[in-house]
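The next block holds one structure in the form of structure tokens; read it before the comments.
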Amino acid sequence: MTELLKISLPDGSVREMEPGSTPGDVAAAIGPGLAKAAIAARVDGELRDINRPFEGDAELALITSRDEEDALELARHDFAHVLAEAVQSLYPGTQITFGPATDDGFYYDVKAPADREPFSMDDLPDIEEEMRRIIKADKPLRREVWSRQQLIDKWEAEGEVFKAEWAKELPENEELTVYWSGEDWLDMCRGPHLASTGKLDPQAFKLTRVAGAYWRGDQNNPQLTRIYGTGWLNKKQLNAHLTRLEEAAKRDHRKLGREMDLFHLQEEAHGSVFWHPKGYRIWRELEAYMRRKMDRAGYREIKTPQLMDVRQWEQSGHWGKYAENMFAVPDMVPEVEELGDGPANPSVAPDADWMAIKPMNCPAHVLVFKQGITSYRDLPIRLGEMGCCHRNEPHGALHGLMRVRQFTQDDAHIFCTEEQVVEEVKAFIELADQVYRDFGFTYDVKLALRPEKRFGSDEDWDKAEQELRDAVAVSDMQGEGDGKLEELPGEGAFYAPKLEWHLTDAIGRTWQVGTIQGDRVLPDRLDASYVGEDGEKHRPVMLHRAIFGSYERFIGILIEHFAGRLPVWLAPVQAVVATIVSDADDYAKAAVVKLEAAGIRVESDLRNEKINYKVREHSHAKVPHLLVVGNREAEEGTVAIRTLGEKEQRVMSLDEAIALLKAEATPPDLVED
RNA sequence: GCUGCUGUAGCUCAGUGGUAGAGCGCACCCUUGGUAAGGGUGAGGCCGGGAGUUCAAUCCUCCCCAGCAGCACCA
């Protein structure tokens, strides 16, 4: 008589199963509904096939499509296999390599047969069709343990040089597995997989594009074709994803920035923004808002140099570590060789002194702190700066306003005693909460912990990390997401752990913007100190912090979050007075004068165009309120207000309209309850 | 920085080995029209930069630059 296996379930119950039974058998024993719904299993924490037998007593959690994260991962991995099978079935002689799941789908790297062009977009419809055929055939996906030699022989026999190369590098002793799809195709794979191809929804995936990729990511290796797809659990999810992509494309800040005449970029200054009057208006409103917030929170604003001698950057540690991202400038007049009308050839003497444009503000803030002698009575000292920084980012990383080479941070550094850290971080957490809520964002806070390469002692890191945890615990946050503090091991800066604010925008994307970091390294390197109660010198803790992150990026996020329809207080043009007939011109002009006097950013549109045309144009320009005036309004002293996004107009007196606009144009921090 | 793709009028894009076209926008004329495109006429381009092949290059080849997508990166 064999001994039964003890399988414990998440609810604490234990089931006794025959040896050789599988998670699927457990599901069936619990009930037919679950047997049908279970698609995979977590056995002792490891995600496994539903039909893989237990190897002993185990803790079991059954996975259904409700466990979305696991289910998606499995489905995408399966889609990748089906993709590879489909390609080989359609184009015999194609070699397969690897095919993992991605954030929204899957890809597979393949090499087309020698007698064929690499695969292109044109091949995708055929491949999709073949994939649907394989899914509909509901081929069982069966796990089998093979020896390494067996794998090598199989791949070599089939001319799969990439797979064979990989198999040869697999460890000798580990259990190596293949997955059969039906009886006629298999791939080397660690698994797990769904029970059969039919578990996939044939309407829940779409092949999206092809790209070149090198074998094992090395450009000295042969080039493969990577076929990308997006994959989901059902058609509804797929459609939602495709709609989200379309919606995101419509909101693209680069497109809206051009259409709304906010800014432009051009190659002569790539990575730096040319702000147009309307775009800079948004900037100025944000800046004024942030100044009010910081003034009230006890910060004092400073302005520090763009250029500092490289020796200063050597001392701070940046020149050694991050020089490749910094712009350096010779501290001399370059020799210029005149070449007629042609280009001048500047040259720099070999003994030139070098200066660097600041990539961050912190060292300069320490230098301000260090002027004179600071008493513990003066702490905390909060130094803020709208700090314009330059970083020479990898060119492939540049992206509209989101990743630029010149940007301005809403930066500040708080110098305080160790005892004051938690209190200061708490105050910052609450300040950030107010700000993000004013813009209608929810957010998650994450804690990035010490990286492998770091400065400072482990004791200091223990302290710094715990301070941030403690501050979060005692803070009052209302705009937050699920309220859990996620910790990210290894993601901190080399000098400090950081709290990061990840905003969620109107269509569910997340953006990292704000941060606060508890730094004990830089004050030490730059020898910052204060005189304590004991009359001795002490090191202050330096808190680096920002809420918008950078104005460029934050404006980019706002444009996409609001799809260009900025709240009235931020809108570059808050209202346009548009005439229906030229007889109303004088009335319109008078209305504009009154609106301007009330502080409204208003323009007039007296052009000889039909009102339909004007409505359309100003709607496209995302002007929040259109004040339409014709003979009737001019006689009655009224305006017909058409608000962006609404079909109906409202007629009211000009004075009422001004009061309404004034109220809406008030920044959220100035609204009196 | 890596891979692929792209670069033609202010914008969105056609097109061709013999120096170019549309729609929108812009200017002017007609039209004074009541809530998302009224009509007409016209101006506007070193076809990203450089080199090569060619009788001839916006088009073919090579190099560079920038943009886009992905990757890597983001102190």
Side-chain angles (χ1 to χ4, degrees), chain A residues 102-104 107 109 118 120-121 208-214 217-221 223-226 228 249 252 254-255 258-259 261 264-271 313 316-326 343 359-360 362-363 389 391-400 402-405 407 448 451 453-455 491-496 498 500 512 515 517 519 521-522 544 549-550 553 578-585 606-621 626-633 640-651:
Chain A
T102 63
D103 284 349
D104 68 353
Y107 67 80
D109 287 348
S120 73
M121 292 291 284
T208 49
R209 63 181 186 281
V210 294
Y214 288 109
D218 184 336
Q219 57 175 317
N220 299 313
N221 287 337
Q223 190 160 34
L224 310 169
T225 304
R226 179 169 297 178
Y228 282 97
D252 191 310
R254 294 166 297 185
K255 177 172 168 280
R258 192 170 43 241
E259 287 173 4
D261 193 18
H264 85 271
L265 299 156
Q266 67 181 57
E267 54 177 287
E268 287 77 6
H270 69 104
W313 298 106
S316 68
H318 294 98
W319 193 245
K321 254 183 129 126
Y322 302 106
E324 75 273 16
N325 286 320
M326 291 171 64
M360 49 183 44
C362 6
C389 297
R391 297 180 190 175
N392 200 349
E393 302 283 2
H395 289 193
L398 300 176
H399 181 90
M402 301 304 194
R403 191 81 178 269
V404 285
R405 304 209 296 176
F407 54 91
K453 284 187 184 171
R454 57 180 182 261
F455 290 158
E491 304 257 315
F494 72 92
Y495 53 83
K498 35 183 185 178
E500 302 174 344
Q512 203 233 295
T515 182
Q517 311 167 2
D519 179 9
V521 172
L522 203 58
H544 307 245
S550 84
R553 192 171 147 78
T579 51
I580 296 170
V581 291
S582 52
D583 288 345
D585 284 3
L606 311 181
R607 290 175 304 168
N608 176 10
E609 295 290 352
K610 292 204 164 158
I611 193 62
N612 287 9
Y613 181 87
K614 294 185 183 181
V615 167
R616 178 184 153 83
E617 191 175 278
H618 298 301
S619 299
H620 279 161
L626 191 57
L627 277 48
V628 177
V629 297
N631 284 327
R632 202 184 310 148
E633 288 77 12
I641 296 196
R642 182 175 166 128
T643 297
L644 189 61
E646 288 174 19
K647 285 270 184 285
E648 298 298 313
Q649 58 193 330
R650 286 172 293 168
V651 179

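These values consider heavy atoms only, across backbone and side chains, with no hydrogens, waters or symmetry-generated copies.
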Considering heavy-atom distances to RNA chain B, does Glu617(A) or Glu633(A) have its closest nucleotide positioned more toward the 5' end?
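Its nearest nucleotide lies further toward 5', so the answer is Glu617(A).
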[M] and [N], which share atom name [atom1], separated by this distance in whole Å:
N: rA37(B); M: rC2(B); atom1: C1'; answer: 46 Å
N: rG17(B); M: rG23(B); atom1: C1'; answer: 28 Å
N: rA36(B); M: rC60(B); atom1: C1'; answer: 47 Å
N: rU8(B); M: rC46(B); atom1: C1'; answer: 12 Å
N: rG25(B); M: rA43(B); atom1: C1'; answer: 13 Å
N: rU12(B); M: rC73(B); atom1: P; answer: 32 Å
N: rC13(B); M: rG7(B); atom1: P; answer: 10 Å
N: rA22(B); M: rA14(B); atom1: C1'; answer: 7 Å

Check whether any side-chain N or O of Tyr107(A) sits under 4.0 Å from OP1 or OP2 of rG4(B), and answer yes or no.
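Looking at the OP1 and OP2 atoms of rG4(B), neither is under 4.0 Å from any side-chain N or O of Tyr107(A).
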Atom [atom1] of [X] to atom [atom2] of [N]: distance rounded to whole Å?
X: Arg642(A); N: rA36(B); atom1: CZ; atom2: C1'; result: 7 Å
X: His620(A); N: rU35(B); atom1: NE2; atom2: P; result: 18 Å
X: Glu268(A); N: rC64(B); atom1: CD; atom2: P; result: 19 Å
X: Asp261(A); N: rG25(B); atom1: CG; atom2: P; result: 16 Å
X: Ile611(A); N: rU35(B); atom1: CD1; atom2: P; result: 9 Å
X: His618(A); N: rA37(B); atom1: NE2; atom2: P; result: 14 Å
X: Arg607(A); N: rC29(B); atom1: CZ; atom2: P; result: 15 Å
X: Glu648(A); N: rU35(B); atom1: CD; atom2: P; result: 11 Å

Without hydrogens or angle criteria, can the side chains of Thr643(A) and Arg650(A) be said to hold a donor-acceptor pair below 3.5 Å?
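There is such a pair between these side chains.
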In what stems does RNA chain B take part, counting only runs of at least 3 consecutive Watson-Crick or G-U pairs whose two distances fall under 3.5 Å?
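RNA chain B forms these stems: B:1-7 with B:65-71, B:10-13 with B:21-24, B:26-30 with B:38-42, B:48-52 with B:60-64.
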Counting C-beta onward and ignoring hydrogens, is there a side-chain heavy-atom pair between His544(A) and Leu522(A) closer than 4.5 Å?
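Yes. Closest side-chain heavy atoms under 4.5 Å.
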Quick one: list whatever passes side-chain contact (heavy atoms from CB on, under 4.5 Å) with Ile611(A), sequence neighbours left out.
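Only Ala578(A), Ile580(A), Lys614(A), Val615(A), Val628(A) meet the side-chain contact (heavy atoms from CB on, under 4.5 Å) criterion with Ile611(A).
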What does the B/S/- profile of nucleotides 65-75 of chain B look like, 5' to 3', with a 4.0 Å heavy-atom cutoff to protein?
SSSSSSBBBBB
If you draw a 6.0 Å radius around CD in Glu268(A), do more than 12 non-hydrogen atoms from other residues or ligands fall strictly inside?
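For Glu268(A), atom CD is crowded (more than 12 foreign heavy atoms under 6.0 Å).
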Looking at Phe494(A) versus Phe455(A), is the centre-to-centre ring distance below 6.0 Å?
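Ring centres of Phe455(A) and Phe494(A) closer than 6.0 Å.
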